[in-house]
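One structure is given here, and the rest of the page talks about it.
Sequence lines set the chain letters: A, B, ... in the order given, protein chains first and strands last, and positions in each chain run from 1. Below, each value reflects all heavy atoms present in this structure, side chains not excepted, and no hydrogens, waters or symmetry copies.
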Amino acid sequence: MLKYTELVLDHFKNPRNLGKIENADAEATEGSIACGDMMTVYLKVEDDRITDIKFESYGCAANIATASMMTEVVKGLTLEEAKKLNWKEIVERLGGLPQVKYHCSNLAVDTLRKAIKEYEESLARK
Amino acid sequence: MKVFLDNCRTTRVLPEVAAVVQQYMVDKFARPDGLYESAEEIYDDLVSAREFFAKSINADSPEEIVFTSGATEANNLSLLGIARANKKNGNHIVISALEHGSIMSIADALKKEGFEVTVIPVDKEGFVKLDELKKSIRPSTIMISVISVGHFVGSIMPLEEIGKIVKSQDHKIYFHTDAAEMYAKLPVDVKKINCDLMSVSGHKFHGPKGVGFLYIKKGTKIQPVMYGAESFDKRRPGGENIPAIMGMKKAAELSFLNMEKALKELRRLQEYFINRVEREIDHVILNGPRGETRTPYNVNFSFSFIEGEAISLGLSMEGVEVATGSACASEKLEPNYAILAIGGDHERAHGSIRFTFDRFTTQEQIDYTVEKLKSVVSWLRKISPIKSHT
Amino acid sequence: MKVFLDNCRTTRVLPEVAAVVQQYMVDKFARPDGLYESAEEIYDDLVSAREFFAKSINADSPEEIVFTSGATEANNLSLLGIARANKKNGNHIVISALEHGSIMSIADALKKEGFEVTVIPVDKEGFVKLDELKKSIRPSTIMISVISVGHFVGSIMPLEEIGKIVKSQDHKIYFHTDAAEMYAKLPVDVKKINCDLMSVSGHKFHGPKGVGFLYIKKGTKIQPVMYGAESFDKRRPGGENIPAIMGMKKAAELSFLNMEKALKELRRLQEYFINRVEREIDHVILNGPRGETRTPYNVNFSFSFIEGEAISLGLSMEGVEVATGSACASEKLEPNYAILAIGGDHERAHGSIRFTFDRFTTQEQIDYTVEKLKSVVSWLRKISPIKSHT
Ligand SMILES: Cc1ncc(COP(=O)(O)O)c(C=O)c1O
Ligand SMILES: Cc1ncc(COP(=O)(O)O)c(C=O)c1O
Ligand code: FES
Ligand code: FES
């Protein structure tokens with residue numbers, strides 16, 4: 001039996017920062033259809049600061065809620081600050097998650113980091 | 001509106017059944033082995049319940065019915081009991097790929113006791129492959145166990161054909177079927193099937209939890225799984241759970257009443273539901289067979305590009321309660337084995353939702369379910385990064 | 001008047017308990033593993049029930065409670081499970097001479113699996129002989145199982161002393177007690193007793209039939225007796241019988257309420273009954289101890305020169321329902337082993353009648369019972385060819 005907190009259910013039902021950013025500065029997808037956990041993150045960055053972030057999810061309620069919470073937390077942070085975010089913080093902010101769902105919060109953080117890396121690499125290419 | 005569509009997991013006890021259980025808890029509470037009046041009456045009731053269940057499956061004699069704490073125990077008694085009692089004749093057991101988790105676990109336990117287990121594959125619709133079954137049989141095969149109705153994908157197994165194959169061998173093979181999803185839901189006849197053992201569970205047809213029975217054909221060599229005193233039957237010790245047995249009897253009687261009519265209506269609703277979903281929602285796959293060979297109690301769809309736990313949670317928020325085969329919803333994060341067994345990939349398991357009816361499911365409930373399903377699916381598809389659906 | 005005095009065999013379910021069972025059958029009927037709202041609530045209830053039972057015996061953690069279909073299953077899980085899981089450490093098991101039939105049968109089954117069983121004798125009052133227990137222990141002893149309260153003669157066993165003896169050995173011995181006649185009837189504390197396993201049955205204290213639990217101390221190496229899916233607990237598979245578990249919880253709560261006061265009144269009634277019988281009927285022998293070390297729920301008398309089945313039938317005709325240890329009333333025509341174990345002869349077993357109370361037994365019922373007993377005994381003695389009583 002999976003028990004979600006009210007806050008998780010709220011983020012599941014009303015995800016924040018949902019969707020895609022049309023001309024995003026960076027975009028990254030983690031996970032795969034095969035293993036079921038998959039997520040895409042879109043970033044807008046100005047002066048090393050995340051000014052906008054959106055996500056899409058192919059995953060469970062925890063996946064959706066952790067992605068939603070992650071976007072809320074990092075919006076407005078500098079890239080360096082955002083890189084330091086770890087999955088435990090997201091779980092805490094959501095008031096907890098079933099243990100078997102921790103990997104979903106991991107996925108949210110991994111996808112964010114991949115998007116930041118993507119952005120930094122695109123800068124380097126310029 | 002609340003629509004419970006997880007009736008394959010368990011069902012609501014009917015008030016008429018609860019009343020019987022109540023009566024045997026509070027008034028006729030004695031044990032049948034007492035040496036007094038109130039015990040006598042209860043002994044008679046127990047005898048008549050046994051007769052009733054024997055007749056209900058066309059068994060030869062009431063002694064062929066052993067009451068258990070449910071189908072899990074019946075499955076244990078059957079598989080462990082037959083294997084251990086007949087190991088001198090062989091160490092090979094055959095099961096199907098769509099068995100209930102309990103049979104799978106029992107088979108694993110038997111492997112540790114030195115038995116060999118062959119798992120017979122099923123075809124794309126969820127039917128046991130009979131040619132593979134035939135091929136699997138060896139001189140050392142002592143038992144074949146095949147579920148009556150696939151509990152995930154609804155395939156009614158070709159039990160009669162299996163019975164014939166088993167019977168046509170030149171050595172004795174015990175044929176067991178786990179009928180938890182068949183008994184009191186569809187017509188059952190152990191003579192037609194030619195099975196030696198059949199497991200039944202009370203809470204699958206509006207009876208009480210914690211009760212079931214195992215049919216054991218006369219002459220079957222079986223070893224108990226538990227030992228004790230105070231029982232009707234050496235094969236299952238312990239005081240009989242008489243309130244639950246009498247409740248299960250009542251539930252079965254009610255099921256058999258007008259069963260044909262109820263099944264007809266269920267079939268109509270099932271088709272209606274399948275049609276509406278297939279017409280009104282894109283990218284859906286029906287898991288399991290269509291028509292007469294599918295149990296009318298089960299519909300199972302995979303919705304592409306989205307995940308089942310999220311779908312079922314979304315539906316639950318609207319009062320519709322279902323099951324999913326998504327890995328995300330399983331304890332071990334494994335995709336549903338039944339979907340894989342019928343040739344589905346992880347993605348198809350991922351987006352699978354099982355809707356299971358009882359005989360009281362209404363058109364209104366189906367309509368409500370379809371509406372909610374449409375909105376949940378379209379909402380989750382909007383969120384999904386998989387683009388092929390646009 | 002109807003006086004049910006066979007409460008050691010089973011008890012009436014209280015209306016308050018039946019109401020809880022009813023609620024979980026008809027309304028809160030979902031299984032706790034569903035992915036929806038109605039399942040969540042039930043999951044919480046199951047968790048809280050486990051916590052309740054753990055606390056009620058002073059266990060450390062709810063994980064130490066495994067729900068079963070009754071004490072027979074708990075005894076099987078305990079003895080078969082410990083023996084099979086620990087056979088590398090030894091093959092010797094010790095039980096007492098007053099164990100319940102289920103323990104006796106399980107011990108017999110274990111003998112067939114290669115275990116050796118020592119049966120510790122009891123003294124004339126029905127207490128396990130502690131010196132014999134000590135002597136019985138060998139390096140190969142892996143388990144000792146002693147009933148909490150002799151269910152025929154009412155002796156409350158010296159469990160704390162046994163726990164100390166078991167604990168003082170230099171190798172690990174598991175200590176199991178069958179507390180079917182103690183839990184929710186007398187205070188129970190697994191820490192005081194120092195036991196590793198304890199069996200409990202719901203229907204012995206006005207709870208439902210078909211449910212019980214086994215306390216398994218953390219760290220205990222045990223092998224399941226049955227295998228399956230869908231459970232809280234790998235040690236006991238199968239869907240939990242939640243209506244029965246919640247009913248058993250209610251029954252236990254009601255038992256613990258004012259238990260001290262109820263026990264005091266029961267003791268008074270017990271003494272009153274014993275006194276009246278001893279004063280008003282000749283040639284009677286009280287089987288089992290007197291005073292504090294006898295459970296207040298049990299009185300057992302042998303009436304010389306006459307036979308128990310006839311006595312109990314005679315009483316039953318007057319509405320008084322009791323049990324007997326007479327060979328004539330047993331399936332195998334064997335005299336009651338408990339009476340023989342406390343040094344009684346066949347004749348004493350022959351004329352033995354067990355009266356077992358519940359906490360609702362009244363003085364009026366006792367008075368009625370004594371009157372009927374007097375007339376039945378004197379009538380049967382008139383018939384009897386044994387003349388020594390005249
Ligand atoms: C096919 C099948 N077999 C066995 C069981 C287990 O039944 P019970 O809960 O009575 O142990 C179930 C229900 O979960 C089932 O669907
Ligand atoms: C001491 C004892 N152990 C075990 C049992 C069996 O209990 P259950 O009916 O719950 O299997 C009983 C009751 O008959 C008993 O008195
Ligand atoms: S996405 Fe699969 S468990 Fe969360
Ligand atoms: S006298 Fe009839 S059975 Fe003993």
ask   = Given the rule in the side chain to side chain donor-acceptor pair (under 3.5 Å) test, do B:Arg236 and C:Ser69 qualify, once you have shown the distances and angles that lead to the verdict?
value = CA-CA 12 Å; B:Arg236 205 294 180 173; C:Ser69 65; 3.1 Å; yes

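In terms of heavy-atom pairs under 4.5 Å with chain C, the best-connected choice from B:Leu315, B:Val26, B:Asp108 is B:Val26. Note: C:Thr11 leads C:Thr11, C:Thr68, C:Leu14 in heavy-atom pairs under 4.5 Å with chain B. Ranked by non-hydrogen atom pairs under 4.5 Å with chain B, the options C:His206, C:Met104, C:Glu37 are led by C:Glu37. With respect to chain B, the highest number of heavy-atom pairs below 4.5 Å among C:Arg12, C:Lys209, C:Glu309 belongs to C:Arg12.
Interface residue B:Ile106: backbone and side-chain heavy atoms are both found under 4.5 Å from chain C. Heavy atoms of B:Tyr24 lying under 4.5 Å from chain C are absent altogether. Contacts of C:Val17 with chain B are absent, with no heavy-atom separation under 4.5 Å from either backbone or side chain. Interface remark: C:Lys2 contributes side-chain atoms only to the contact with chain B (heavy atom separation under 4.5 Å). If you measure heavy-atom distances from B:Asn75 to chain C, you find no contacts under 4.5 Å at all. Neither the backbone nor the side chain of B:Val320 comes within less than 4.5 Å of any heavy atom in chain C. Both the backbone and the side chain of B:Ala18 come within less than 4.5 Å of a heavy atom of chain C. Both the backbone and the side chain of C:Ser38 come within contact range of chain B, with heavy atoms under 4.5 Å apart. Heavy atoms closer than 4.5 Å to chain B are found in both the backbone and the side chain of C:Glu321.
For the atom pair C:Asp6 CG and B:Leu35 CG, the distance stands at 8.5 Å (nearest 0.5 Å). Atom OH in B:Tyr227 sits 12.5 Å away from atom CG in C:Leu79 (nearest 0.5 Å). Taking OH of B:Tyr36 as the start and CG of C:Leu5 as the end, the distance is 10.0 Å to the nearest 0.5 Å.
At a threshold of 4.0 Å, the pair C:Arg9-B:Asp33 counts as salt-bridged, since one of the basic side-chain nitrogens sits closer than that to a carboxylate oxygen.
At least one side-chain heavy atom of B:Phe29 sits under 4.5 Å from a side-chain heavy atom of C:Thr10.
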